[in-house]
Amino acid sequence: MAITRNGCEGCTEITCTSSKQVLSQEVSKGINTAYDRVKSRGMSACLFGSGGTCCRNCNMGPCQIIDGVEDMIGICGATADTVAARNFARVIAAGSAAHTDHAREMVKGFIETAKGNSPHQIKDVDKLKKLAEVFGIVTEDREVNDIALELGEKALAEFGSQDDEPLSMLKRATPKRQAIWKKLGIAPRGIDREVVEMMHRTHMGVDQDYKNIMLQASRCALGDGWGSSMLSTELTDIMFGTPVPRRSMVDLGVLKADQVNITVHGHEPLLAEALCIAAEAPEMIELAKKQGAKGINLVGVCCTGNEILMRRGIPVAAGFVQQEITLATGAIEAMVVDVQCIMQSVVDVAKSFHTDIITTNYRAKMDGAVHIQFEEHAALESAKEILTRAIKNYKKRGKFFIPEDSKLDVVVGFSHETINYMLGGRFRASYRPLNDNIINGRIRGVAAIVGCDNFQLSDESHEIIARELIKNNVLVLATGCAATALGRAGLVNPEAAKYCGESLAEVCETVGMPPVLHMGSCVDNSRILIAATEMVRQGGLGDDISDLPAIGTAPLWMSEKAVAIGQYFVASGAQVVFQDLPTTGANKFNKYLLEGLMGPMGAHWNVAKDPKEIARIMIEKIDAKRDALGINKKTERVLFDMDMRRDLGSEGLKDVGCHGPAKV
Ligand code: NFS
Ligand code: SF4
């Protein structure tokens, strides 16, 4: 089995131990994975495609544009900058649409829950009331479900809103940011509308000014970040519980030899939650035992995995790049999938084993898969039907290999509320201690490592960047498959404090928190927007996200959703660094993304290939913000005394035994 990659600069061997172990076994012989396909493609990517200057937006084309060559503009006269901007904007529209369609399902599920038509209930009443306030809903003397129903209906209306009012959640941003959006005319209105307008404006012969295209691309992305993604995160929390710190595990070693292994792969937690509930039903466990298994082992893949990891502590077996390898263990009875990031090749890999790929969503079917529609109004029954099919496969399991040692402890569940309690204590929850530790320099800044993993680039990137950052006392927030990769690297764990610079280690040890805080799935990047805004509100670090010593990266981005996220970060004032962007064939537009957006947005995109260079840029930008805030002075560092430790010590974390190697 070939386990090297080529075809692009910087590609390396698979470094992930569990993947290597599985791929070197007899059981996975002959399995073709994406790693093999990268290697065997034998052709490099088209320059026009990778530089963003291939246009297929009308049937006079396709037109391949070469910037600066007179005859090489589009038949319609479109320039490289216009074409690349249109393509980039369409990527953002597609990414936003994916988050939006996911969020809509969650809101509809929330409404059904409020009506009592689901197996779920409103779990976080406090959060419900806070969000109701944002939507102008009266909460006093009202039944919880009544408030929830009104909130759900108001939230749903924001998807299809046709009036020109900004989305309700924009009010949560800093006043300065809201003023910027207003001035630029990019405060999103209806969530769906911004996607539609983006598609219209990039149709042949409409918006041909790349700066103007980027205004709508920003509005569309903001409709995702502050609209759909934030709605999804918040309503899911209210319904399934806001995450609190808990221990769990990641990597392929979480599969169990003597249990029915079912992976839930995709994104929408409605299905995953129902499966979790159903897997605990006595008749399901009984059925598993009848087949000779000791129980049912539900594990996550990709972001749906992160959703149930955060709220239930269900282990995550794999991120995006390991989905085929998970199946290649031969130990999976069924891979249950819904939407997004499911590789078509999983059907082929599954064919070599007894494994069923079960599609569950009418929007996402695959030739060769078994389809069992997940019915939200009969969630438990649907979930049981899916589980039954999977359980009955157990007896058919043949040879298999589970890399049993490959499982890493993680402490997850860092919602923005948790960070509040963790650092502020149970009785005076606030971001004050975090801000104070940034101001006094113990924490140099905050960096988000988010997004996918990607077969084309070194799968060590996340780890290299994170290690470099924490060594330099930068606190890391992680979501998505990046968080899974960092978990596999052993960094999502209080014990990882030993890899930190001295002062960050001290904070982590005192609180008992990991230096890499797992904040959830990709829609949960909206938690980072709220956390950053809370830091601003707390005072002492400027008056907008753009003033914070904070920055984000999605080094191994693969999905269009990652670009939507990048753009809503930038349009919210946060710098981002990616390993590449499909815009290099258009000089002016590319420069506009990398520099020009600073003017209107107060932040811009950055690009660097090498992970260490990414970390260097991140630290440099953090230091520049510290300079601007006047907090970069070298002061004599005060060591924590007992009072300070007590002040920072978190009851919440101690509840889950997350002391870390604290010397308190
Ligand atoms: Ni985000 Fe998460 Fe993973 Fe990328 Fe795909 S699962 S929603 S898109 S690959 S991080
Ligand atoms: Fe070519 Fe213009 Fe049509 Fe694009 S829109 S395919 S550049 S003619």
Side-chain angles (χ1 to χ4, degrees), residues 34 48 52-67 72-87 90-91 94-96 98-103 201-208 224 228-229 232-233 263-269 272 300-310 316-323 337-343 448-457 459 462 478-487 518-526 553-566 578 585-586:
F48 296 101
T53 56
C54 171
C55 183
R56 291 186 292 118
N57 289 14
C58 89
N59 198 34
M60 293 191 287
C63 297
Q64 285 106 4
I65 323 282
I66 301 179
D67 203 1
M72 290 299 285
I73 58 173
I75 303 290
C76 67
T79 62
D81 296 312
T82 299
V83 167
R86 285 197 304 222
N87 287 337
R90 283 193 167 199
V91 168
S96 302
H99 284 148
T100 295
D101 223 26
H102 164 162
R201 281 167 65 163
T202 51
H203 180 277
M204 189 270 156
V206 187
D207 200 350
Q208 308 183 48
D224 172 350
S228 50
S229 283
S232 184
T233 296
T263 62
V264 37
H265 175 12
H267 283 80
E268 294 177 359
V301 173
C302 280
C303 274
T304 211
N306 285 324
E307 299 271 1
I308 47 179
L309 172 75
M310 287 283 281
V316 168
F320 176 74
V321 291
Q322 284 182 303
Q323 57 186 289
V337 305
D338 57 14
V339 291
Q340 301 167 19
C341 303
I342 295 132
M343 286 174 35
I449 303 183
V450 309
C452 324
D453 27 34
N454 180 335
F455 299 97
Q456 302 272 11
L457 296 159
D459 52 15
H462 294 119
T479 58
C481 292
T484 307
L486 293 172
H518 195 319
M519 294 188 79
S521 66
C522 286
V523 292
D524 293 338
N525 283 314
S526 59
T553 182
L556 298 185
W557 79 276
M558 165 287 296
S559 154
E560 291 163 314
K561 291 176 287 175
V563 183
I565 292 164
F578 276 37

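Both counts, for ligands and for their atoms, begin at 1 and track the order of listing.
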Side chain of Asn454, backbone of Trp557: donor and acceptor closer than 3.5 Å? yes
Quick check against the 3.5 Å criterion: does His203 have a side-chain atom that pairs as donor or acceptor with the backbone of Cys58? no
Met558 side chain reached by Asp453 side chain, heavy atoms, under 4.5 Å: no
Judged by atom type as modelled, is there a donor-acceptor pair below 3.5 Å linking the side chain of Asn306 to the main-chain atoms of Gly480? yes
Atom 5 (Fe) of ligand 1 neighbourhood, protein N/O/S only, threshold under 2.8 Å: Cys341 SG
Side chains of Gln456 and Leu556 in contact at under 4.5 Å (non-hydrogen atoms): no
So, Glu307 and Ser521: side-chain donor and acceptor under 3.5 Å apart, yes or no? yes
Atom 4 (Fe) of ligand 2 neighbourhood, protein N/O/S only, threshold under 2.8 Å: Cys55 SG
Using side chain to side chain donor-acceptor pair (under 3.5 Å) as the criterion, point out the one residue from Lys561, His99, His102 that pairs with His267. Lys561
Under 3.5 Å, is there a donor-acceptor pair between the Thr479 and Asp524 side chains? no
Under 4.0 Å between heavy atoms, the region of Arg86 that gets near ligand 2 turns out to be side chain
Give a yes or no on whether the backbone of Met204 and the side-chain of Asn57 come within a donor-acceptor separation of less than 3.5 Å. no
Does the Thr100 side chain pair with the main chain of Ser96, one donor and one acceptor, at a distance under 3.5 Å? yes
